[in-house]
> 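Sharing a structure, written as structure tokens. Questions coming.
Quick caveat: nothing in here was measured; it's all calculated off a predicted structure. Every chain is numbered from 1 and lettered A, B, ... according to where its sequence line falls, protein lines coming before strand lines.
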There are 2 protein chains.
Amino acid sequence: MTAASIRARVRAEMTEEIKAAARRHLATDGANLSLRAVARELGMVSSAIYRYFASRDELLTALIVDAYDAVGAAAERAEAGVDRADLLGRWLAACRAVREWALANPHEYALIYGSPVPGYAAPPDTVPPASRVGLLITAILADGFAAGKLAAEQGQPVPQPLRPELAALVGQLVPGVPEPLLARGMTAWIQLFGAVSFELFGQLNNMIEDRGTFFEYQMRTAARVVGLEG
Amino acid sequence: MTAASIRARVRAEMTEEIKAAARRHLATDGANLSLRAVARELGMVSSAIYRYFASRDELLTALIVDAYDAVGAAAERAEAGVDRADLLGRWLAACRAVREWALANPHEYALIYGSPVPGYAAPPDTVPPASRVGLLITAILADGFAAGKLAAEQGQPVPQPLRPELAALVGQLVPGVPEPLLARGMTAWIQLFGAVSFELFGQLNNMIEDRGTFFEYQMRTAARVVGLEG
DNA sequence: AAAAGTCAAGAGCAGTGCTCTCTAAAAATG
DNA sequence: CATTTTTAGAGAGCACTGCTCTTGACTTTT
């Protein structure tokens with residue numbers, strides 16, 4: 001039993017080492033990292049990797065899950081450090097955390113929010129980690145609504161055909177939040193990742209140099225759309 | 001002379017055929033399409049491709065330029081069909097055209113707005129085509145401001161450090177537009193491509209089914225941020 | 001101590017981007 | 001018209017890729 005768990009522990013450590021090496025290679029080769037190169041770096045032969053991951057795709061999936069969890073955790077940590085009553089502060093803290101994580105781990109960010117890897121279908125285990133940031137945002141909205149600080153309706157009316165879908169989402173994510181508020185929350189969500197992606201993927205090149213200030217402005221604008229004032 | 005231009009014309013046709021085949025392969029293999037497979041499809045040998053493109057990157061660059069031009073042209077065409085005084089209509093037409101082009105050509109969209117291809121640096125010739133949609137949006141803003149329909153200031157104040165950069169952008173893109181208006185235009189620009197990318201890259205999966213309506217709502221919300229009312 | 005389970009290595013297959021050399025045809029030049 | 005020059009493509013080859021299968025060594029369990 002102890003022996004078995006030793007083996008299991010060694011196996012877990014090896015798995016982590018492979019992922020760490022793969023993450024390093026992600027930086028130079030992107031999603032088409034080379035299994036053989038990873039193996040070489042670890043001083044083993046390529047076929048040995050297959051004892052730990054059934055395929056390259058499975059390795060990628062592990063990296064994707066880790067990445068989603070890492071952004072999610074970073075955003076949650078930052079948001080948790082802000083006074084609960086300061087809704088704008090909580091939103092901005094989460095946004096900044098996402099951006100900073102993305103800047104520090106650009107290739108992992110690209111892996112999860114960039115173009116889908118061709119021929120790769122995300123398995124179901126990636127879904128829960130993928131929704132952590134979205135959940136965090138909606139939690140802020142829920143708090144704001146509960147405290148009477150966020151209006152249910154504001155701005156563009158939500159088209160009728162969207163309401164049942166939004167209602168279902170509210171039901172499974174944040175019970176009690178009005179659909180129009182969630183709809184605006186999704187606007188902010190798109191704005192957040194749109195801004196980070198544009199910066200990271202080079203769309204701001206030759207246009208904006210002071211990316212930090214630009215991002216701050218964008219996220220404050222998004223906050224206004226949702227109804228979060230200072 | 002005529003003979004020379006015959007040769008040149010054949011060469012141009014062959015170049016187009018290679019690009020067309022490469023575009024087809026983009027669908028299955030994404031950015032790491034195989035030169036050999038492209039050559040095979042054209043009934044030639046891989047080394048022959050190198051008579052037309054010095055490297056795989058050069059082929060990719062050609063595809064990227066074509067893609068930027070295609071979205072740009074689609075957006076311009078759609079926007080041109082709307083009454084000049086109908087600013088909201090022009091904005092929405094451009095947005096819908098971008099989305100529809102992206103849905104029809106998802107892999108080309110991913111090539112230009114997705115994660116950067118690892119080890120690939122976009123050469124300067126991609127810059128002008130890349131800015132066509134942005135130019136179109138700012139042209140709408142300029143018209144609206146000239147007609148007195150768009151307020152210079154609105155919503156979130158533009159941070160001081162951003163103003164000189166925005167001023168420079170205004171100068172080289174759309175003289176006469178106030179910086180805060182351009183800043184809001186960029187918000188809408190991010191919202192547009194953020195929404196399309198989220199839909200295309202699968203971030204809306206298991207959340208929103210009626211993507212068309214959702215997109216419409218998002219773009220109308222973005223229009224409000226800029227100050228474009230019905 | 002024997003049986004079962006696990007790990008890693010090595011060879012091999014079909015594929016890749018790219019370079020180099022060679023041939024055949026076409027165009028430009030005398 | 002004949003000859004030189006330019007060009008397109010073919011083919012072989014290099015170092016690489018993901019992945020499979022077989023073989024040998026080691027560890028855990030019975």
> Where the side chain of A/Arg40 is concerned, which of D/dT17, D/dC19, C/dT16 is the nearest nucleotide?
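Closest nucleotide among those given: D/dT17.
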> Is the base of C/dG15 touched by the side chain of B/Arg36 through a donor-acceptor pair closer than 3.5 angstrom?
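No.
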> Would you mind reading off the distance between A/Asn32 atom CG and C/dG17 atom P, rounded to a whole angstrom?
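After rounding, the reported distance stands at 11 Å.
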> For the side chain of A/Arg220 and the backbone of A/Leu92, is there at least one donor-acceptor N/O pair under 3.5 Å apart?
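Side chain of A/Arg220 to backbone of A/Leu92, a donor-acceptor pair under 3.5 Å: no, none is there.
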> Heavy atoms, side chains only, cut-off 4.5 Å: are B/Leu192 and B/Phe215 in contact?
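B/Leu192 vs B/Phe215: side chains touch.
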> Under the 3.5 angstrom rule, does the side chain of B/Trp101 hit a backbone N or O of B/Ala73 as a donor-acceptor pair?
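Flag not set: sc B/Trp101 to bb B/Ala73 has no pair under 3.5 Å.
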> Taking atom P of C/dG10 as reference, at what distance in whole Å does atom CE of A/Met44 sit?
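Distance check: A/Met44 CE to C/dG10 P gives 12 Å.
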> For B/Arg51 and D/dA10, is the shortest distance between a side-chain N/O and OP1 or OP2 below 4.0 Å?
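For D/dA10, neither OP1 nor OP2 has a side-chain N or O of B/Arg51 closer than 4.0 Å.
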> So which nucleotide from C/dA8, C/dG17, D/dG18 ends up closest to the side chain of A/Tyr50?
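Looking only at heavy atoms from C-beta outward on A/Tyr50, the closest nucleotide is D/dG18.
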> Quick check on D/dG18: is either OP1 or OP2 less than 4.0 Å from any side-chain nitrogen or oxygen of A/Ser34?
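Yes, such a contact exists.
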> Rounded to whole Å, please give me the gap between CD1 in B/Ile49 and C1' in D/dG11.
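Spelled out: CD1 on B/Ile49 to C1' on D/dG11 is 15 Å.
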> Taking any heavy-atom pair under 4.0 Å as a contact, classify B/Ser55: base, sugar-phosphate, or nothing.
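Sugar-phosphate: the residue B/Ser55, judged by heavy atoms under 4.0 Å, touches backbone atoms but no base.
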> Once you round it to whole Å, what is the distance between C1' of D/dA8 and CE of B/Met14?
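Interatomic distance, CE of B/Met14 to C1' of D/dA8: 10 Å.
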> Name the orientation class of the two ring planes belonging to A/Phe193 and B/Phe198 (parallel below 30°, tilted from 30 to 60°, perpendicular beyond 60°).
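Rings of A/Phe193 and B/Phe198: tilted, as their planes differ by 30° to 60°.
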> Send over the distance from A/Arg11 CZ to C/dG5 C1', rounded to a whole Å.
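Value for this atom pair: 12 Å.
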> Round to a whole Å and report the spacing from CG of A/Leu42 to P of C/dA9.
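Rounded to whole Å, this separation is 11 Å.
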> Verify whether one side chain among B/Tyr217 and A/Thr187 offers a donor that lies under 3.5 Å from an acceptor in the other.
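The criterion, which ignores hydrogens and geometry beyond distance, is not satisfied for A/Thr187 and B/Tyr217.
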> Check this for me: does the side-chain of A/Ser47 come within 3.5 Å of the base of C/dA9 through a donor and an acceptor?
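Answer is yes: a donor-acceptor pair is held.
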> Figure out the CZ/P separation between B/Arg56 and D/dC16, and round it to whole Å.
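B/Arg56 atom CZ is separated from D/dC16 atom P by 18 Å.
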> Report yes if at least one side-chain N or O of A/Tyr52 is closer than 4.0 Å to OP1 or OP2 of C/dT6; otherwise report no.
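Indeed not, no polar side-chain atom of A/Tyr52 lies that close.
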> Name the nucleic acid region contacted by A/Leu33, choosing base, sugar-phosphate or nothing; use a 4.0 angstrom heavy-atom cut-off, strictly under.
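Sugar-phosphate contact only - A/Leu33 comes under 4.0 Å of backbone atoms but never of a base.
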> Check the distance between C/dC18's P and B/Asp57's CG and give it to me in whole angstrom.
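Value for this atom pair: 7 Å.
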> Give the nucleotide from the list D/dT17, C/dA9, D/dC19 with an atom nearest to the side chain of A/Ala48.
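Output: C/dA9.
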